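What follows is a single structure, written as structure tokens, with notes after it.
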Amino acid sequence: MMTNFEHRFCEARRRLIRARFQNLNDRQIEAVLATEGPLLILAGAGSGKTTVLINRIANLLRFGRASDCTELPAGADEAMLHLLETGGPEAEELAALEPVAPWRILAITFTNKAADELKARLERMLGESANDIWACTFHSACVRILRRDADKLGYGENFTIYDTADSQSLIKRILKEQELDEKSFPPRTVMGEISRAKDARMDAAAYRQQAQRANDFRRIRIGRVYEEYTRRLFTANAMDFDDLIANTVTLLEKEEDVRRYWQRRFQYVLVDEYQDTNHLQYLLASTLAGGWGNICVVGDDDQSIYKFRGATIENILSFEQQYSKCRTIRLEQNYRSTGHILDAANAVIRNNLGRKGKELWTDAGAGDPIELYFADDEKDEAQYVASTIIASFSQGANWQDHAVLYRMNAQSSQLEFAFKRAGIPYRVIGGTRFFDRSEVKDLLAYLNVIASPADDLRLSRIVNSPPRGIGERSMEIAQDLARQEGCSLFSVMSRADRYAELKRPAAKMKLFTQMMEELRAFAENNSPDALYDELLEKTGYLRMLESSEDDKDQARAENVKELKSSILSFMKESGDSTLEGYLANVALYTDLDNYDRDADSVVMMTMHSAKGLEFPTVFVVGMEESIFPGLRAIGEPEEMEEERRLCYVALTRAKRRLYLVCARQRMLFGRTTANRASRFVDEIPEEHIRKNLPKGYAYHDRREELGFYSRDRRDEPNYPYRPSQPKPRVAPAPRPQPAPSAMPQFSLGDAVRHKAFGDGVITKMTPMGNDFLVEIQFEKPGVKKLMLRAAAQHMEKR
DNA sequence: CGCACCACAATTTTT
DNA sequence: TTGTGGTGCG
């Protein structure tokens with residue numbers, strides 16, 4: 001039982017601490033002050049969650065656990081209480097209860113960018129001491145942990161990290177060796193399967209056993225690939241991205257003293273974007289927090305858009321069950337967008353079933369309604385976006401206030417043309433990334449092999465680029481020999497003349513290994529940037545590109561030079577001038593980290609990449625069925641929910657103006673298709689939308705006449721997609737009316753009998769000129785595409 | 001072994 | 001439309 005004195009003391013202390021966070025709202029303060037035990041913060045888009053994280057850390061560093069416990073400091077007396085209550089300058093000292101050392105805090109994010117931003121904001125708020133806080137990504141935290149103790153798992157100290165492309169080429173090679181067809185075993189799928197197995201803590205042997213028990217032919221094959229993959233990685237002293245986390249978890253499980261060490265160290269663990277974690281990451285976070293039990297996760301189930309890469313929304317949905325004493329705080333006040341935008345986003349996401357439930361609100365006023373534009377095609381769409389941006393710019397906005405979001409990278413090209421024509425400065429984020437370009441990968445592979453010659457995979461990548469006359473066949477033989485002897489490919493090649501099988505390529509191989517040895521020796525005494533110059537010189541790589549006629553090769557040469565500045569800037573920023581240091585860093589680095597918001601240009605990116613960002617004006621283009629939501633999601637309720645969350649993310653990026661654009665027909669992958677407007681547009685109540693029509697475009701006549709809407713299948717009894725509120729706000733979409741007078745009476749879904757093809761059903765109607773392209777699913781010959789006007793002559797309704 | 005040409009397919013992405 | 005991978009020829 002608390003004494004009166006204790007009670008007053010705690011109250012005064014809490015009041016004082018609260019006052020330090022005046023600029024936050026009540027919910028946010030609550031989250032900042034709740035330092036002890038498990039805490040789930042459900043932070044809606046734009047609700048200031050990073051601010052909460054920063055302030056929470058500030059609270060810990062300043063006041064320790066004082067705001068969330070009833071312990072009194074030693075020697076607490078009336079005099080102290082008086083000081084606290086009057087709030088003198090010493091009061092702050094008295095309010096603190098064992099301030100937390102910065103290095104006892106672990107804040108985990110997903111991207112380097114988020115981690116850097118966190119670090120920067122912490123430093124701004126807390127000064128120098130912020131540098132000792134572990135604010136890093138899951139992967140970099142694991143690397144730091146593994147660098148100390150990876151030897152306990154049998155890895156060498158300087159293990160290398162394979163990125164996705166490395167893993168993929170290894171998988172491909174193994175598939176080929178095991179004579180598995182890439183058509184029936186697509187590398188991506190196999191990788192995904194292996195990744196999921198790792199996520200489920202299943203090693204290759206366990207996976208294969210399970211497959212064998214189930215007598216699953218396919219999984220047995222994949223299990224064999226998994227086994228070989230694991231073996232190869234291990235002998236190359238390499239880990240892939242999943243291994244970084246899986247091995248850390250294994251290390252913590254197996255080695256009690258290692259676990260104790262880290263558990264004791266990390267008094268407070270915070271995880272950002274918790275909705276994007278997978279099972280492994282959950283295990284890691286909960287293990288690390290297992291000592292003190294102070295785990296705080298922040299996330300938004302409505303913004304979970306990475307299921308396809310293994311994130312389980314379950315983690316956030318079941319956090320409260322995992323931690324029974326958990327407290328949950330919802331942050332629903334939005335500081336980013338105006339009312340119409342938020343209401344639209346709320347209305348869309350309400351149609352999802354699997355969610356915790358949250359409604360964003362703002363006191364910023366309704367703002368402008370959302371603009372909806374129906375474009376003729378993707379050119380018109382791009383033109384509309386460009387001219388709207390020009391108009392906005394001429395009214396004083398900056399280019400960088402505008403972002404264009406799309407579902408697929410392939411959608412950016414028309415926009416780029418339009419922007420170039422209009423003279424709008426722009427940047428495209430994403431697409432093929434710098435570090436994924438083949439020339440960059442080649443040179444990094446050289447550096448990796450110099451650092452660790454046992455890296456067979458990267459060795460075979462570079463052995464013949466530039467061409468050295470060492471072909472695939474020779475490398476296969478060498479690889480076999482290496483496997484027989486249990487040594488590295490490099491060592492076989494360096495002794496090639498001793499093998500009868502390698503007689504022909506032996507000289508070339510030796511020449512190559514000698515060159516690599518020389519580079520290795522050079523690396524001993526020189527910095528990475530000097531080594532890089534030497535590398536370009538000795539291999540002739542740059543010369544090969546520069547002497548090429550092809551423009552693309554010239555661009556590649558630029559990238560090769562660009563890589564050097566990456567090396568230099570790493571050395572400058574980290575103060576580390578070892579090759580190993582650079583390689584470890586670069587493996588976990590992407591260009592997104594380069595995105596600087598200061599450059600004044602319009603930004604284009606996918607909706608996925610936009611997560612976490614905000615812009616005064618946002619355009620979401622391609623709002624059409626089978627583009628967004630994508631074709632693959634239609635008819636798949638779970639996928640559809642993910643698409644809807646993506647839509648929610650896209651809409652909530654906008655601060656003041658939001659434009660949705662759909663095109664009546666569009667060319668994609670060299671094919672023209674017409675799709676009805678996205679269902680997500682329908683899900684936005686009409687009062688939030690202003691419709692914009694192209695010149696001379698009679699909205700309701702032509703939209704129906706052209707079959708812009710197909711039948712709304714949501715009313716069908718067996719349709720899997722069920723909105724939680726059955727309320728199509730837009731009038732139920734009409735069936736396409738067989739247009740002008742002469743057009744025969746057929747519409748979508750009709751059962752027909754064709755003289756030549758027999759019975760069928762019309763599955764798609766695409767307006768084309770004053771005719772329709774129809775797709776008919778026939779019973780016998782399958783799907784046929786016909787022009788309706790002509791086909792109608794031979795066809796009748798059944 | 002290296003290069004040129006043709007067929008084919010094609011979300012989303014971080015580490 | 002673009003990029004990639006396989007095949008065939010010199």
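Keep in mind that this is a model prediction, so the values were computed, not measured. Every chain is numbered from 1 and lettered A, B, ... according to where its sequence line falls, protein lines coming before strand lines.
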Checklist entry - Which part of the nucleic acid does A:G471 contact within heavy-atom distance under 4.0 Å: base, sugar-phosphate only, or nothing? => result sugar-phosphate

Next on the checklist: Looking at A:S140, I'd like to know whether one of its side-chain N or O atoms comes within less than 4.0 Å of OP1 or OP2 on B:dT15.
Outcome noted: no

Item to check | Cation-aromatic face contact A:R679/A:F628, 6.0 Å, 45 degrees | outcome: no

Next on the checklist: Whole angstroms only, please: what is the CD1-P distance between A:I470 and B:dG2?
Outcome noted: 9 Å

Checklist entry - May A:F308 be described as stacking on the base of B:dT12, applying a 5.5 Å centroid limit and a 30° limit on plane angle? => result yes

Checklist entry - Has A:R504 got a side-chain N or O lying under 4.0 Å from the OP1 or OP2 atom of B:dC1? => result no

Checklist entry - Reckon A:E643 touches a base, only the sugar-phosphate, or nothing at all at heavy-atom distances under 4.0 Å? => result base

Next on the checklist: From CZ of A:R407 over to P of B:dT11, roughly how many Å is that when rounded to an integer?
Outcome noted: 10 Å

Checklist entry - If only side-chain N and O atoms of A:N409 are considered, is one of them under 4.0 Å from the OP1 or OP2 phosphate oxygen of B:dT13? => result yes

Item to check | Atom-to-atom span, CG of A:D436 to C1' of B:dT13 - whole angstrom | outcome: 10 Å

Checklist entry - Contact class for A:D240 (heavy atom, under 4.0 Å): base, sugar-phosphate, or nothing? => result nothing

Item to check | NZ/NE/NH1/NH2 to OD/OE distance under 4.0 Å, A:D116 and A:K113 | outcome: no

Item to check | Ring-face cation contact, A:Y306 with A:R309, 6.0 Å cut, 45° max | outcome: yes

Checklist entry - Closest to the A:T606 side chain: B:dT12, C:dG6, B:dT15? => result B:dT12

Checklist entry - Whole Å only: how far is the CG atom of A:D553 from the P atom of C:dG3? => result 13 Å

Checklist entry - Looking at residues at least two apart in the chain, or sitting in another chain, which of them share a salt bridge (charged side-chain N to carboxylate O under 4.0 Å, His left out) with A:R421? => result none

Checklist entry - What is the distance from CD of A:E636 to C1' of B:dT11, rounded to the nearest Å? => result 14 Å

Checklist entry - How are the rings of A:W262 and A:W134 set relative to one another: parallel (under 30°), tilted (30 to 60°) or perpendicular (over 60°)? => result tilted

Checklist entry - What nucleotide, of B:dC1, B:dT11, B:dT14, holds the atom closest to the side chain of A:R309? => result B:dT14

Item to check | Salt bridge A:R355-A:E641, side-chain N to carboxylate O under 4.0 Å | outcome: no

Next on the checklist: Pick the closest DNA chain B nucleotide for A:K183 and for A:E642 by heavy atoms, then say which residue is nearer the 5' end.
Outcome noted: A:K183

Next on the checklist: Categorize A:F669 for me: base, sugar-phosphate, or nothing, with a 4.0 angstrom heavy-atom threshold over every strand shown.
Outcome noted: base

Next on the checklist: Would B:dT12 be called syn or anti here, given the cut-off of 90° from 0?
Outcome noted: anti

Checklist entry - Separation of A:R433 atom CZ from B:dT15 atom P, in whole Å? => result 8 Å

Item to check | Nearest-angstrom distance from the residue atom CG of A:D276 to C1' of B:dT13 | outcome: 10 Å

Next on the checklist: Base of B:dT15, side chain of A:T164 - is there a donor-acceptor contact under 3.5 Å?
Outcome noted: yes

Item to check | DNA chain B: 5'-proximal contact among A:P467 and A:A587 (nearest heavy atom) | outcome: A:P467

Checklist entry - With a 4.0 Å cut-off on heavy atoms, is A:R188 in touch with a base, just the backbone sugar-phosphate, or nothing at all? => result base

Checklist entry - Heavy atoms under 4.0 Å, any strand shown: does A:G630 hit a base, just sugar-phosphate, or nothing? => result nothing

Next on the checklist: Nearest to the side chain of A:K176, heavy atoms from C-beta on, is which of C:dG6, B:dT13, B:dT15?
Outcome noted: C:dG6

Next on the checklist: Using whole Å, what does the distance between atom C1' of nucleotide B:dT15 and atom CD of A:Q281 come to?
Outcome noted: 9 Å

Checklist entry - OP1 or OP2 of C:dG5 sitting under 4.0 Å from any side-chain N/O of A:K172? => result yes

